[in-house]
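Let me begin by presenting the structure, written as structure tokens, before commenting on it.
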Amino acid sequence: MMDLRPYQEEAMDAVLDEWRTGRRKTLLVLPTGCGKTVVFAKIAEQCVRDGDRVLVLAHRGELLSQAADKIRKVTGLSSAIEKAGETCEGSWSRIVTGSVQTMMRDRRLTRFPADYFGTIIIDEAHHCLSSSYQKVLGHFDRAKVLGVTATPDRGDMRDMGEYFESLAYEYTMPRAIKDGYLCPIKAATIPLRIDIASVGVQAGDFKTGDLGSALDPYLEDIAREMKGYCEGRKTVVFLPLVKTSQKFRDILEREGFRAAEVDGDSRDRADILRDFEAGRYDVLCNSMLLTEGWDCPSVDCVIVLRPTKVRSLYCQMVGRGTRLSPGKDHLLLLDFLWNVERHDLCHPASLICQDQEVAAQMTRALEAAGVPMDIEEAERAASEDVVAQREEALAKQLEAMRTRKKGLVDPLQFEMSIQAEDLSGYVPSFGWETEPVTESQAATLERFGVSPEGAGCKGKADRIIERLYERQREGLARPKQIRQLESRGFQHVGTWTFEQAHSMISRIAANGWRTPRGIDPREYIPGA
């Protein structure tokens, strides 16, 4: 039995609340290394107490055995197995760990009535939109569903909101690092341009066969570059193909590294992983085998030689090195200058940035630095740069707006004035969020003085309205006050209180709608 960490308690409560309010298909997002299996084990225990049978679905045998073992350690409850020749039929266990490849078969699936499981938990839920998962979920369509993942993206760009109704809880990597549950990450860009411009795309990501051929000419240069970074470190390298992984291991050995390689056909895989963890090897090469279901907390360097456009895959690779371990003060992440004009290629910025502009700025800064940089510090500097650029652009917009007639405030102006990066960088996640702004939302926005047209969609309007009510409760400046004063050159009026804005507008009105003498709007700070 074990106690939950504070964020794990919050996550569990949030999931149960979603189910209580009628949202039966919900997501839980926790970074690799933050104990997602522990959380869903406790949720499964609560569901059993409530009388449910629980099915834990996964696509790999290692994940099933890990889930069953963790559930037993965390809750004391045993799990039955539904995989290949094993079945839960006749078992007393109320929790079943099942292979999706087994469960999807008609002969297996039809053994169970549709209401057999009251709760389904999907481990590594970014796989759940595949036809195999959907067949199982469609059969048990009365069950509550929890999807658990490290990142809510999918490589084929199909939004997980097509299936899930809500995001119950998300614990971000930056917050986990700040709270001390994951180790800090330092990223370094290697000055070696690798040309993958000719690599094709399939199912939303680069073709692995093309990648292997494109990468081969650079392997020896990469090995030499590693000497300056990887000495004294425990390094994991991700490569696109088994033959590329094996070739790179041989090159590393010639360069003096103690290197090993594991793949799906390695008969001695368990021994190699054990020896690597014990320090008998410096570098472990693999062709995407270790993205899920393997933990070695002492890994303190990760090299991604499998360029990807899929953020979830990138985070899984980097996540092999983010766990805490004695004597480890940070993870070193080595990034290569992939010579390709594709802005959706994942870089270290993809781990921490939600805003594409900030990510691009951070990637440029890491390339220019030439030395490892803490990714949180790099993101903070990039955010400040982007905000400054946006404020400059907004100032030009506001200048143009001065000649317009009084009317409703544009949402962009409102967002920038109150410095709401979460609103300006908002991207819909679930299907309902993409729907048009409703009449009720439009009326509410107009009542607050904000133009509904600029909101764009139902989800964005919902967030703006929530922020407007929150600001009203806190006594902050209203949108029309913001527009009135910023059109006269006052800065960041969104941070003023309602009374401060009201007082200044009253003084301007009393002065014949001219700014009082002695006040420079560009420098004015209320109460200073």
Side-chain angles (χ1 to χ4, degrees), residues 1-21 23-30 32 34-83 86-100 102-103 112-128 133 136-137 139-150 163-171 292-293:
M1 304 292 181
M2 63 178 69
D3 294 328
L4 295 182
R5 295 169 176 172
Y7 69 86
Q8 293 173 330
E9 290 273 11
E10 293 173 5
M12 178 176 173
D13 290 343
V15 170
L16 297 177
D17 283 345
E18 289 296 295
W19 285 340
R20 290 188 194 105
T21 56
R23 289 182 283 270
R24 299 179 63 81
K25 302 171 185 175
T26 194
L27 270 171
L28 169 61
V29 179
L30 294 178
T32 300
C34 287
K36 60 184 176 63
T37 313
V38 172
V39 177
F40 76 63
K42 295 296 287 185
I43 291 172
E45 179 186 31
Q46 183 59 54
C47 292
V48 169
R49 287 179 179 172
D50 293 340
D52 282 356
R53 280 195 188 91
V54 179
L55 172 63
V56 178
L57 266 183
H59 67 292
R60 287 177 53 182
E62 294 97 329
L63 296 174
L64 291 174
S65 58
Q66 284 182 5
D69 183 58
K70 188 67 72 174
I71 289 169
R72 181 183 56 78
K73 289 179 178 178
V74 172
T75 70
L77 297 174
S78 62
S79 301
I81 302 294
E82 194 67 31
K83 175 190 171 188
E86 299 179 82
T87 181
C88 66
E89 290 180 298
S91 170
W92 290 97
S93 297
R94 303 288 293 182
I95 300 177
V96 176
T97 55
S99 160
V100 69
T102 297
M103 291 292 296
F112 300 97
D115 61 353
Y116 190 81
F117 294 107
T119 303
I120 297 177
I121 298 172
I122 308 170
D123 195 9
E124 305 294 353
H126 46 278
H127 296 289
C128 84
Y133 275 94
V136 177
L137 294 168
H139 182 77
F140 301 110
D141 58 357
R142 305 178 197 176
K144 304 186 297 289
V145 180
L146 169 64
V148 186
T149 184
Y163 179 75
F164 290 100
E165 299 168 339
S166 68
L167 174 61
Y169 187 84
E170 181 175 15
Y171 190 62
E292 299 171 343

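For the numbers below, each heavy atom of this structure counts, side chains included, while hydrogens, waters and symmetry mates do not.
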Exercise for the section: Apply side-chain contact (heavy atoms from CB on, under 4.5 Å) to the pair Leu55 and Met103, showing each step before the final yes or no. Expected result: CA-CA 10 Å; Leu55 172 63; Met103 291 292 296; 4.1 Å; yes
Handout entry: Steps toward side-chain contact (heavy atoms from CB on, under 4.5 Å) verdict (Leu64, Ile81)
Key = CA-CA 8 Å; Leu64 291 174; Ile81 302 294; 5.7 Å; no
Taking all atoms of both residues into account, what is the closest heavy-atom pair of [X] and [Y], and its distance?
| X | Y | answer |
| --- | --- | --- |
| Val145 | Trp19 | O-NE1, 3.5 Å |
| Lys70 | Ala41 | O-CB, 4.5 Å |
| Tyr133 | Cys128 | CB-O, 3.2 Å |
| Leu57 | Ser99 | CD2-C, 4.4 Å |
| Thr37 | Ala67 | CG2-CA, 4.0 Å |
| Ala168 | Glu18 | CB-CG, 3.5 Å |

Working to the nearest 0.5 angstrom, can you tell me the gap between [X] [atom1] and [Y] [atom2]?
| X | Y | atom1 | atom2 | value |
| --- | --- | --- | --- | --- |
| Ile95 | Ile71 | CD1 | CD1 | 5.0 Å |
| Glu82 | Glu89 | CD | CD | 6.5 Å |
| Leu30 | Tyr169 | CG | OH | 7.5 Å |
| Thr97 | Lys83 | OG1 | NZ | 9.0 Å |
| Lys25 | Leu137 | NZ | CG | 8.0 Å |
| Ser91 | Arg53 | OG | CZ | 9.5 Å |

Problem - Parallel, tilted or perpendicular, as decided by the 30° and 60° cut-offs, for the rings of Tyr7 and Tyr171 - result: parallel
If we only count heavy atoms from C-beta on, is the [X] to [Y] side-chain gap below 4.5 Å?
| X | Y | value |
| --- | --- | --- |
| Lys42 | Gln8 | no |
| Phe112 | Cys88 | yes |
| Asp123 | Gln66 | no |

Practice task
For a side chain to side chain contact (heavy atoms under 4.5 Å, CB included) with Leu146, tell me which candidate from Val56, Leu28, Leu27, Ile120 qualifies.
Solution key: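 Considering Val56, Leu28, Leu27, Ile120, a side chain to side chain contact (heavy atoms under 4.5 Å, CB included) with Leu146 is found only for Leu28.
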Handout entry: Option among Val74, Thr75, Asp3 that satisfies the side chain to side chain contact (heavy atoms under 4.5 Å, CB included) test with Val38
Key =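 When Val74, Thr75, Asp3 are each tested with Val38, the side chain to side chain contact (heavy atoms under 4.5 Å, CB included) holds only for Val74.
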Exercise for the section: May I have the step-by-step check of side chain to side chain donor-acceptor pair (under 3.5 Å) for Ser79 and Ser93, ending in yes or no? Expected result: CA-CA 6 Å; Ser79 301; Ser93 297; over 6 Å; no
Problem - Expected output: side-chain Glu165 to main-chain Arg24 donor-acceptor under 3.5 Å - result: yes
Practice task
Could you point out which residue of Lys144, Arg94, Arg142 forms a salt bridge (Lys or Arg N to Asp or Glu O under 4.0 Å) with Asp52?
Solution key: Lys144
